[in-house]
Engineer: 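I'd like to ask you about the structure that follows.
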There are 2 protein chains.
Amino acid sequence: MKAFDQYRNPALAVDLVVFGYYENSLNVLLLNRKEEPFKNRWTLPGAFLQMEETFLDTCNRVLNTKLGMDNFFLEQLYSFDAPERDPRGRVIAVAYYALINPSKFEIVAGNMANDVQWFSIDELPKLGFDHKDILDAAVKRLRAKILYNPVGFELLNDEFTMPELHRLYETILQTSIDRRNFRRKILDSDYLVSSGSKREGLQNRPPDLYQFNKALKPNKFQINIDLS
Amino acid sequence: MKAFDQYRNPALAVDLVVFGYYENSLNVLLLNRKEEPFKNRWTLPGAFLQMEETFLDTCNRVLNTKLGMDNFFLEQLYSFDAPERDPRGRVIAVAYYALINPSKFEIVAGNMANDVQWFSIDELPKLGFDHKDILDAAVKRLRAKILYNPVGFELLNDEFTMPELHRLYETILQTSIDRRNFRRKILDSDYLVSSGSKREGLQNRPPDLYQFNKALKPNKFQINIDLS
DNA sequence: GCAAAAGTGTTTGCAGTACACCCATGG
DNA sequence: CCATGGGTGTACTGCAAACACTTTTGC
């Protein structure tokens with residue numbers, strides 16, 4: 001029997017949508033290409049899958065080398081197959097998205113400084129390949145997921161306040177949520193533990209600090225926002 | 001620049017979970033392999049992606065030739081990358097799932113009769129490759145999706161009755177749903193149009209016939225079942 | 001004392017649940 | 001006229017949306 005990998009197969013890339021939240025903005029990590037095609041255009045970070053790698057291996061390779069990151073939320077998004085998505089030839093892309101806290105990581109520039117940069121998803125440059133499609137799908141997934149899963153905590157510090165979490169939700173969902181009802185829903189879900197202390201140094205009443213409950217009972221909550 | 005497809009790439013298979021509903025049972029289409037590996041074991045239908053094909057092309061190729069099917073609900077499920085999932089070598093699988101009405105199609109046997117068969121998802125044989133994982137993911141997705149999307153209609157005849165739809169939901173979700181509340185929710189969503197006539201020939205009161213509203217306003221409904 | 005933001009509580013209405021009753025058919 | 005399943009209505013209840021008040025800080 002002929003080995004499969006000697007047939008002609010499409011190349012397989014793993015592309016990453018890395019979300020980071022700071023200064024009341026949802027941001028995505030983009031990479032400035034220094035080679036054709038799409039030279040000098042911003043694109044999602046990614047790499048070709050090596051024969052012995054799993055998807056997660058490839059994700060970690062990209063994130064470790066280019067960004068010095070590890071230990072973050074990572075989830076498969078979708079696979080993209082448009083025949084002309086890469087002008088060099090047939091390339092299938094398996095897209096993952098990651099949620100990270102930018103303050104925890106230093107962005108390691110690749111060969112050159114300024115080739116990796118955060119962009120607010122409201123002020124995106126024109127992207128190469130079909131990466132705008134991938135990014136749009138990721139944003140849509142994140143918005144749907146955050147309504148019933150505690151993924152918001154991945155984007156914040158270990159300790160965070162209720163108003164911070166509230167602003168995070170309002171930013172990502174691009175809507176306003178009643179802060180009192182929001183607080184009640186989140187607290188009722190038992191996903192948070194009060195850390196006892198308060199955030200000092202702000203202008204007004206110091207808000208309570210919370211941590212994500214690692215011994216979580218899967219006590220679902222549901223934020224009711226119509227995304228359509 | 002060297003063409004990408006001359007590098008060594010994993011093979012890329014498209015595997016299909018074809019769901020069909022009849023006789024109050026959710027069934028999946030399996031194929032009896034006539035070659036190694038997993039000779040004489042039941043597996044999901046699938047094919048290797050050809051260079052010029054999209055995923056959907058491959059899906060249609062499989063479904064048309066083996067099953068004589070077209071025009072059905074088809075959605076990408078997930079991509080599977082376990083390194084040892086195929087003993088012949090590295091094969092990535094992109095899984096799709098389809099919803100069809102078995103009464104609309106004749107299963108076209110491949111090279112031999114009895115090599116394609118419906119199995120109730122409650123009485124599955126041992127599957128080859130990692131196809132049990134894929135199937136489990138598909139069932140999970142279908143159960144989640146049917147709660148808020150009108151995909152149930154794909155599995156029924158063009159005209160169907162409310163009790164039929166109700167039984168479909170109870171079967172797929174493996175739970176009991178109050179038929180009166182179910183009816184109200186579905187009708188309130190405006191996804192159904194009464195066809196005016198009734199299903200005759202049953203033993204008791206003839207139930208009303210409905211059709212799926214093709215001019216649908218995306219008027220979401222929500223069946224509240226805790227899937228966890 | 002005032003402004004601003006955080007914490008806590010209450011009212012109200014609607015949607016989901018749990019029911020009961022009537023209707024149409026076959027035998 | 002009875003059994004069986006289909007169609008329709010209603011009362012209750014619990015949650016969520018809307019909203020008001022108090023508390024704590026900086027200046």
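Just so it is clear, the structure is predicted and the values come from calculations on it, not from any experiment. Per chain, numbering begins at 1; letters A, B, ... match sequence-line order. These values consider heavy atoms only, across backbone and side chains, with no hydrogens, waters or symmetry-generated copies.
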Engineer: In whole Å, I'd like the distance from the CG atom of B:Leu165 to the P atom of D:dG6.
Structural biologist: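 In whole Å, D:dG6 P lies 13 Å from B:Leu165 CG.
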Engineer: Tell me the interatomic distance from A:Leu192, atom CG, to C:dG7, atom P, rounded to whole angstroms.
Structural biologist: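 Computing the A:Leu192:CG to C:dG7:P distance gives 12 Å.
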Engineer: In this structure, how many angstroms lie between the C1' atom of C:dC23 and the CG atom of B:Asp208, rounded?
Structural biologist: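 Taking CG of B:Asp208 and C1' of C:dC23, I get 12 Å after rounding.
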Engineer: Are the charged groups of A:Asp158 and A:Lys104 less than 4.0 angstrom apart, N to O?
Structural biologist: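 Salt bridge flag = yes for A:Lys104 with A:Asp158.
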Engineer: Return the CG to CG distance between A:Leu44 and A:Leu16, rounded to the nearest 0.5 Å.
Structural biologist: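 One finds 8.0 Å between CG of A:Leu44 and CG of A:Leu16.
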Engineer: For A:Gln203, does the CD atom sit with more than 12 other heavy atoms under 6.0 Å from it, leaving out its own atoms?
Structural biologist: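 Counting other residues, nucleotides and ligands, CD of A:Gln203 stays at 12 neighbours or fewer.
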Engineer: Can you find a side-chain donor-acceptor pair between A:Ser194 and A:Asp208 that sits under 3.5 Å?
Structural biologist: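 Short answer, no.
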Engineer: Could you state the atom-to-atom distance from CG of B:Asn204 to P of C:dT25 in whole Å?
Structural biologist: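 Result: 11 Å.
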Engineer: Round to the nearest Å and state the distance from A:Asp178 atom CG to C:dT10 atom P.
Structural biologist: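 Atom-to-atom, A:Asp178 to C:dT10, this comes out as 16 Å.
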Engineer: Taking CD1 from B:Ile223 and C1' from C:dA15, how many angstroms apart are they, rounded to a whole number?
Structural biologist: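 B:Ile223 atom CD1 is separated from C:dA15 atom C1' by 13 Å.
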Engineer: Below 4.5 Å, heavy atoms only, C-beta onward: do A:Gln117 and A:Asn32 meet side chain to side chain?
Structural biologist: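 Not touching, per the 4.5 Å side-chain cut-off.
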Engineer: Select from A:Gln203 and A:Lys198 the residue whose nearest nucleotide in DNA chain C is closer to the 5' end of that strand.
Structural biologist: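 Result of the comparison: A:Gln203.
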Engineer: C:dG7 P sits how many Å from A:Leu187 CG, rounded?
Structural biologist: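 Whole-Å distance recorded here is 9 Å.
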Engineer: Return yes if the base of C:dA18 and the side-chain atoms of B:Asn181 contain a donor-acceptor N/O pair under 3.5 Å, otherwise no.
Structural biologist: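 Side chain to base: pair present.
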Engineer: For B:Arg184 and B:Arg167, find the nucleotide of DNA chain D closest to each by heavy atoms; which residue's nucleotide sits nearer the 5' end?
Structural biologist: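 That would be B:Arg167.
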Engineer: Below 3.5 Å, does any donor atom in the side chain of B:Arg180 face an acceptor in the base of C:dA20, or the other way round?
Structural biologist: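 Flag set: donor-acceptor pair detected.
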Engineer: With nearest nucleotides of DNA chain C determined for B:Asn224 and B:Pro206 from heavy-atom distances, which residue corresponds to the more 5′ nucleotide?
Structural biologist: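 This one resolves to B:Asn224.
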Engineer: Hey, is the side chain of A:Arg183 poking within less than 4.0 Å of OP1 or OP2 on C:dG7, counting only N and O atoms?
Structural biologist: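 Affirmative; the distance criterion is met.
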Engineer: Rounded off to whole Å, could you give me the CZ-to-P distance for the B:Arg179 and C:dA20 pair?
Structural biologist: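 It is 12 Å, rounded to the nearest whole Å.
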